[in-house]
Amino acid sequence: MAVASPDLHPPIVELIGIRKRFGPVVANDGVDLAVLRGEIHCLLGENGAGKSTLMKILYGLYPPDGGEIRVRGQKVHIRSPRDAMALGIGMVHQHFMLVDRLTVAENLIAGQEPVRNGLLDLRRARQAIREMADRYGLRVDPDARVQDLSVGEQQRVEILKALMRNVDILILDEPTAVLTPQEVDELFRVMLQLKADGKTLIFITHKLRETMAFSDRVTVLRNGRHVGTWRTADTSPEQLAEMMVGRQVTLRVARPHRLPGDVLLELDRVSAIDDRGQPRLRDVTLSVRSGEILGIAGVEGNGQLELEEVIAGLRPISSGRIRINGQEPRQPGPRGRRALGLAHIPSDRLRRGLAAPLPVTRNGILGRHWQPPFARRGVLREPAIRSHVGQLLAEFQIRGRLDAPASTLSGGNQQKLVVARELAHGPRVILACQPTRGVDVGAIEHIHSRLLEMRAAGAAILLISADLDELLALSDRLVVMYEGTIVAEGPADRFTRKELGLWMAGQRPDRAGSLAQAAPDRHPAPPKEGAAHA
Amino acid sequence: MLEGTGTSRAWLRELAVALVAIALALLAGALLLALAGYSVRDAYWSLFQGAFGNIYSLADTFLNAIPLMFTGLAVAFAFRGGLFNIGTEGQLYVAALATAITALAVPSWPPVLAIAAALAAGAAAGAAWGFVPGLLKARTGAHEVITTIMLNYVAILLTTHLVKTRFKAPGPVDQTALIPAAARLPELVPTTRLTWAIVIAVVLIALVDWILRRSAWGLDVELIGQNPSAAAYAGVPVTSRTACIMAASGAIAGLAGSTIVLGVLHRFITNFSPGYGFTGIAVALVARTRPWGVVPAALLFGALQAGGLSMQLFARIPADLLTAVQGLVILFVAAPGLVAIVRRRRRARTPAAHEAHEANETCVAHETRDAHEARDAHETREAHETRNAHEAHETVRKRGANR
């Protein structure tokens, strides 16, 4: 396929015909990649396309089964991250490799402690860290303990860690997944600064918006194969999406206008505590009407999980009332909720939504396995189960066998199975939590259109998602949660991404009295230090 | 498990693994014997003779296997519900005493009724002994391994105490009086002590197997065992089910004691069990927690026990060595790493579609995107790195747990 015209810069990293298999699965099948000196190169692909594997080979975490790696024109063998660092290659992982209880400075010098007279010279270390941080605008306090830092700050520490080791090729593995929009902007600023300083950046992502926004070139991987490399300016999101998925994809969902009907889900001043007795939900009042999608925005860990569990009947409420379909559940727990017409797509399919080792047939009736037609007098009725679950598979185009354990399905197919199961019984209220987390573009498209179908059919949908694009695309109204309270609510089209980001970070957008309203009677808590920068 | 070609293949594969493990254990045992200076041929010949040589030794094998079927089934069933019932030994003691007392209390009842009542009393006592740790686990989170182990001591000492103070028959031995003939289980094969207990065991195994595969209640059990969070999500009352699973497991284990009293000893004798409850754990492991797997696994251990006696008598080999061989069987089956290495070599040449899926999962998890899944992915990656060493072992273990 198309390869970008040779730039003035020579390639600093060349991967030629890299092959890697895990057992019988081919993760990289002869992948070529050329990264030019001083560019921001996006590695784009769906989950399982082989992006991380490829970069872990470059970083020395996996030995390749075949192919060649050249760095600065020289053929090299990278056997460990140590080798990679010696070549000036650093990597910031999705999961930070920091010691929580140590300070930033201690984390940064671990493994190469500056010593004076046999003693640790922390002052010199601090000095070096400050210089490095100032140079790239990586604001972080060297004496803060890592456990007290926000996710964004921790990421900065990781980047600093690589820079302190004189890295000039930096791999970032899905760095934006855990950040608020403001933190993402901050990260991009840092990346541009690094680029200006002559560093080369390889950026793994599956988000088209980010790719378009600031990469110089983009390489798309699909099923472990190199699809192509383009100059970002020469391509478009639609083209890239097609390359990622291998077929045409609709990026925009059509959400026809619809007049909302009766209130079907109602929370009245609901509070709840977490497992450690800490209050996590405070006086949450909200309602969702028939034919309406209410989106819950917020940085993860601000009470969304507790909100989900409270509505689903998996966590007791300490005060307040919940009404589903106009009634308070008589029976505690999920069964009472289901009886009132609640469907629940849980935020964590593997922890909660599926019993992965059990067959697809069993997972397809989870939660209704005591009811006719699936069971009569406690005896499972195999024919009814098989025909029902078989129908689900066909309707949602789920690839998998009925008798195979659900763990054999791909992530996207597992999620489709959960969604199919929950939507199968004509629910009145749908609690959709992270409905497309960790699934590929094709499955996202499918799940979104199903949710909109349910909306058209008059269901009330509460959508909890960490994905702003998803929230903005699907929601009629939005609510922002911060530290267990609702800090803002309003029609979805009245929020800008920037405003949402500020609300999510616990701040009030500058233009007070903006079209989206702050929730009445509630004042946002003072922002956490450094949680976001307006 | 269910219909389908894949699962029957998996079943055969597991059988093959178990057989290879047994062969390896016997091989390692041979090495031990040789090192200790015994004739391996003589030893194994007398082992075989003692276990299968004639109708009496065969009956002996079965006789040893029957209580192991009950205790093995009890442990396996609890396992399926994610619970580790180490208390089968105590459960069978309280059940045995309850059975003996009941049988002695109804001397004039017709046989069927007396036997039924005595069995029911035993099952109820075993159930109570299992229910308590189950309830503690469900309500307070007290780990069932600890509580069941502790209750073993309580059961053994309590039954001894009760016999000594309340139910002792005259004589030097701490035992109850003989139960009336009407309450004794009839012999299945004349002149052996093989009774209808084996029929009860097999019927019970069939029942448990059916419950796990075909009933909604059994699906609750499997759900709790595989993923308690998903069970709660599905509306399964996890607390009460957990207590019920332990009670059912205790009842099954109790029947081991009851059938020994009604069929073999015809009375309760203190400290009568040579560790049927503990061997039951090994049986459940070898059976890979499948109800029907309990039958061959119990027979294997029954044969080792019966053959061990003759090995001791005729080849003059200390019983300790046989205990070592038994231990090796458990080691090879329950920790199938070594067996798996052999399998992995072979699999490297013929990759099965099945494994492809599993590995695929790992790769998918690899590139997940959010913070939350990043954690999972990280764990998966770690699993990946240790995969080379443990890959096949893990696969086998998972499969064991799946079924």
Side-chain angles (χ1 to χ4, degrees), chain A residues 22-25 27 45-53 61 93-95 151 174 177-178 206 300 312 314 333-335 338 344 346-348 350-359 361-362 366-367 369-370 374-375 378-380 382 401-405 407-411 434 437-438 466, chain B residues 1-7 213-220 222-223 225-227 229-237 347-348 351-379 381 384-385 387 391 398-399 401-403:
Chain A
F22 293 108
V25 171
E46 294 192 291
N47 295 315
K51 314 177 295 271
S52 284
T53 305
L61 283 171
H93 296 270
Q94 276 185 12
H95 181 91
V151 177
E174 307 237 354
V178 293
H206 60 207
E300 273 189 83
L314 291 163
R335 273 195 203 185
R338 273 202 189 93
H344 176 199
S347 54
D348 190 334
L350 285 178
R351 201 174 78 79
R352 191 165 267 163
L354 295 168
L358 296 186
T361 48
R362 297 297 183 259
L366 214 65
H369 59 275
W370 276 93
F374 306 133
V379 180
L380 295 177
E382 206 65 42
R401 286 189 307 115
L402 284 175
D403 295 317
S407 58
T408 61
L409 303 183
S410 73
Q434 319 292 357
R437 168 180 272 169
Chain B
M1 184 171 200
L2 298 164
E3 298 87 346
T5 51
T7 44
R213 289 189 301 124
R214 293 278 178 247
S215 75
W217 195 85
L219 182 51
D220 283 1
E222 296 267 34
L223 277 173
Q226 298 297 350
N227 187 346
S229 302
Y233 160 82
V236 175
R347 199 176 53 194
H354 206 112
E355 271 100 30
H357 278 300
E358 286 192 3
N360 193 18
E361 263 310 291
T362 323
C363 290
V364 170
H366 249 237
E367 298 210 353
T368 45
R369 59 176 181 180
D370 333 274
H372 169 84
E373 294 212 349
R375 192 193 61 221
D376 285 351
H378 176 67
E379 281 160 13
R381 188 174 61 75
H384 231 309
E385 278 156 8
R387 199 174 167 86
E391 175 186 61
K398 261 187 244 155
R399 260 186 221 136
N402 291 359
R403 285 163 203 171

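Scope of the values below: all heavy atoms of this structure, side chains included, with no hydrogens, waters or symmetry mates. Here the structure is a predicted model, which is why all the values come from computation and not from measurement.
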So, for [X] and [Y], which heavy atoms are closest and what is the spacing to 0.1 Å?
X        : Y        : answer
A:Arg362 : B:Arg214 : NH2-NH1, 4.2 Å
B:Ala232 : A:Pro334 : O-CG, 3.1 Å
A:Pro357 : B:Gln226 : CG-OE1, 3.2 Å

* Contact part of A:Leu366 toward chain B, heavy-atom cut-off under 4.5 Å: side chain, backbone, both or neither? -> both
* Asked: A:His369 and B:Asp220: side-chain contact (heavy atoms from CB on, under 4.5 Å), yes or no, with the steps?
  -> CA-CA 9 Å; A:His369 59 275; B:Asp220 283 1; 2.5 Å; yes
* **When A:Pro346, A:Ala356, A:Gly353 are compared by non-hydrogen pairs under 4.5 Å with chain B, the top option** => A:Pro346
* Indicate yes or no for a side-chain donor-acceptor contact from B:Asn227 to the backbone of A:Leu350 under 3.5 Å, with no hydrogens or angles considered. => yes
* Please round to the nearest 0.5 Å and tell me the distance separating atom OH of B:Tyr233 and atom CG of A:Leu354. => 8.5 Å
